[in-house]
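For reference, the structure discussed in these notes is given below.
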Amino acid sequence: MRCSLTKNVGFFIVFLNVVLVYYTWKTFNSYEPLKSKLFETKAVKSIISKSSINHVSKSTTVVIRDFELHENDVSATVQSFIKVFPNIQIIILSRGLPYPPLQFHGNETVRNVKVINLAAKFDVPYQSNPLSLIKTNYVLFVPDSSRILHRQYIQTMINHLNSGEKMVAVGYSQSKNLTCLQANLTLREWSLKFKTVKDDCDFVQGKHAMMIDLGTLNKLNDPFLLPSPHSIYLQTTYFKLKVKILYGIQFQDGKPLFHSHHSQKLKIKSDQDKFKKLYQRFNVKRVRKENGMVENYGCNRDTARCFGSIINYTPSYIYENKTMPPCCLANLRRTAQHVFNTLHESGIRHWLEIGSLIGAMRTGDVIPWDFDVDIGFNRDDLARCTWLKRASSKPIVDAKGFLWERATEGNFYRVHFSKANRVHVNLLPFYARNGSMLKDAWFTSMGMDFPEHFLHPMSSIEFLGRQVPSPNNIRDFLELKFGRGIVENAHYPDFKFKFT
Ligand SMILES: *[C@@H]1O[C@H](CO)[C@@H](O)[C@H](O)[C@H]1NC(C)=O
Ligand SMILES: *[C@@H]1O[C@H](CO)[C@@H](O)[C@H](O)[C@H]1NC(C)=O
Ligand SMILES: *[C@@H]1O[C@H](CO)[C@@H](O)[C@H](O)[C@H]1NC(C)=O
Ligand SMILES: *[C@@H]1O[C@H](CO)[C@@H](O)[C@H](O)[C@H]1NC(C)=O
Ligand SMILES: *[C@@H]1O[C@H](CO)[C@@H](O)[C@H](O)[C@H]1NC(C)=O
């Protein structure tokens, strides 16, 4: 077959291009940067490498923060970085003395690597701050069990920060894909809600290394809290700073950890503790995860009620311009459900009262800033309920763990979530006289007596997802007690009940 000269040249150019594309691809994808490459003389290569290595080492500090003392791969992780960047600064922040001790080889290593034990120590003054040890512009937070094989990757991360990103994240080749999360942090409601998104991440989830600039780190209340870097994202979310996932590059996993059942259990417990401490520290009491699961922090049956003092019927959270902590609200709802069940079963005539009735009218729920539930009942029926009867002489914990007691400040009753956790429902006794429902001395400043006809017939209203008994003509009933427009106008936080 005959080929023309142009055809031959054309074919040759195409061939050359294919070769070029292949080697370019190979160069950029290889994890073995130190292997000699085609089209690159050794001398040229070593100059490029040296300046790049120096640049990375001068601008980046590696921080290893989150690892377990009992089982870790920190030494080998450090070795891996030192091998690629012999002069890079590495800071290991541990919450105790690692044992077996971390071991580094070679004199270089010992010079660049600092191990800081953050456990409480008598001879270390309060002001000691690991941040003061960092002199570089960028900080790379590296998870335990990491290997870096390609120095270009860190340079790529630096380039992204140089061009305006605040934080960049890089995943690991053998670990799960990273998840990008949007977080809604509403401190007023003590809550944090996650949603999976494609980009504009507030949080990154999954094993990853994260680079951040020192200026941003300096703004944070405590950049070294555990779990890391989750704690950083919690704080940067407050400042609306985003983290960008670099999908094109990946670090390598090191030694697999936590194989045995025992060490897995320790690890899970350790992680739970870290989240608990972190969220407690920043007053996040409710976390709704991206899969819809809700985790409550800071209140259960055994702990004290999760808000502080109530002074003049104003709880501390209202003073802080916040709503009732969500876990408390959940406990209050549980207590109210229990009380409605008990009153219903014992056949006591009862009805929803004052603030709770306003809440029911508005949203079928407790008003967001309220801290208790109020139920009126007919005093003549008191003896029908064993727990109420017994509570009239002394406080008593019922079969389901709720505490019934007579209020010390007046002739009414309270049912608390538990003996320790005193979020509660008020039970307010009334009796009928001459066409009116009257109360004893437990309430002073507002006219609380009301005409009996509001209870004949009894009505009902939806509250906490169920129908509960209520007076008839609820609006008239409430306006009689609180004045016109109360249902619409009751507002946070001025609406206070004045008991004596
Ligand atoms: C490391 O330093 C010690 C003294 O501090 C010295 O004896 C030894 O030769 C050094 N090792 C290397 C590999 O430089
Ligand atoms: C991880 O991400 C890559 C690239 O986006 C995708 O091809 C792969 O299917 C993902 N793997 C999993 C397990 O989701
Ligand atoms: C965040 O949560 C609050 C309170 O739950 C809600 O009002 C607000 O719309 C949410 N914001 C976003 C962006 O989802
Ligand atoms: C609550 O809000 C008021 C008015 O917006 C403000 O004056 C006060 O300082 C806030 N209190 C706290 C503890 O933040
Ligand atoms: C009952 O009410 C009527 C009218 O409201 C009043 O005249 C009467 O004195 C009241 N009786 C008692 C015992 O309070």
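In listed order, ligands and their atoms are each counted from 1. If you read the sequence from its start, that first residue is 1, and numbering goes on from there.
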statement: When every non-hydrogen atom of Lys481 is compared with those of Ile354, the smallest separation belongs to CD-CG2, 4.1 Å
Enumerated ligand 3 atoms positioned under 4.0 Å from heavy atoms of Glu189: 4 (C), 5 (O)
- prompt: Distance below 4.0 Å between atom 7 (O) of ligand 3 and any protein heavy atom?
  reply: no
query: Under a 4.0 Å N-O cut-off, is there an ion pair linking Lys322 with Glu189?
result: no
- prompt: Quick one: does Lys193 get a heavy atom under 4.0 Å from ligand 3?
  reply: yes
- request: Apply the side chain to side chain contact (heavy atoms under 4.5 Å, CB included) test between Phe67 and each candidate in Leu257, Asp73, Ile92; give the one that qualifies.
  value: Ile92
query: Please state which protein non-hydrogen atom is closest to atom 13 (C) of ligand 3 and give its distance, to 0.1 Å?
result: Asn184 ND2, 4.3 Å
- prompt: Is any side-chain N of the basic residue among Glu295 and Lys285 closer than 4.0 Å to the acidic one's carboxylate O?
  reply: no
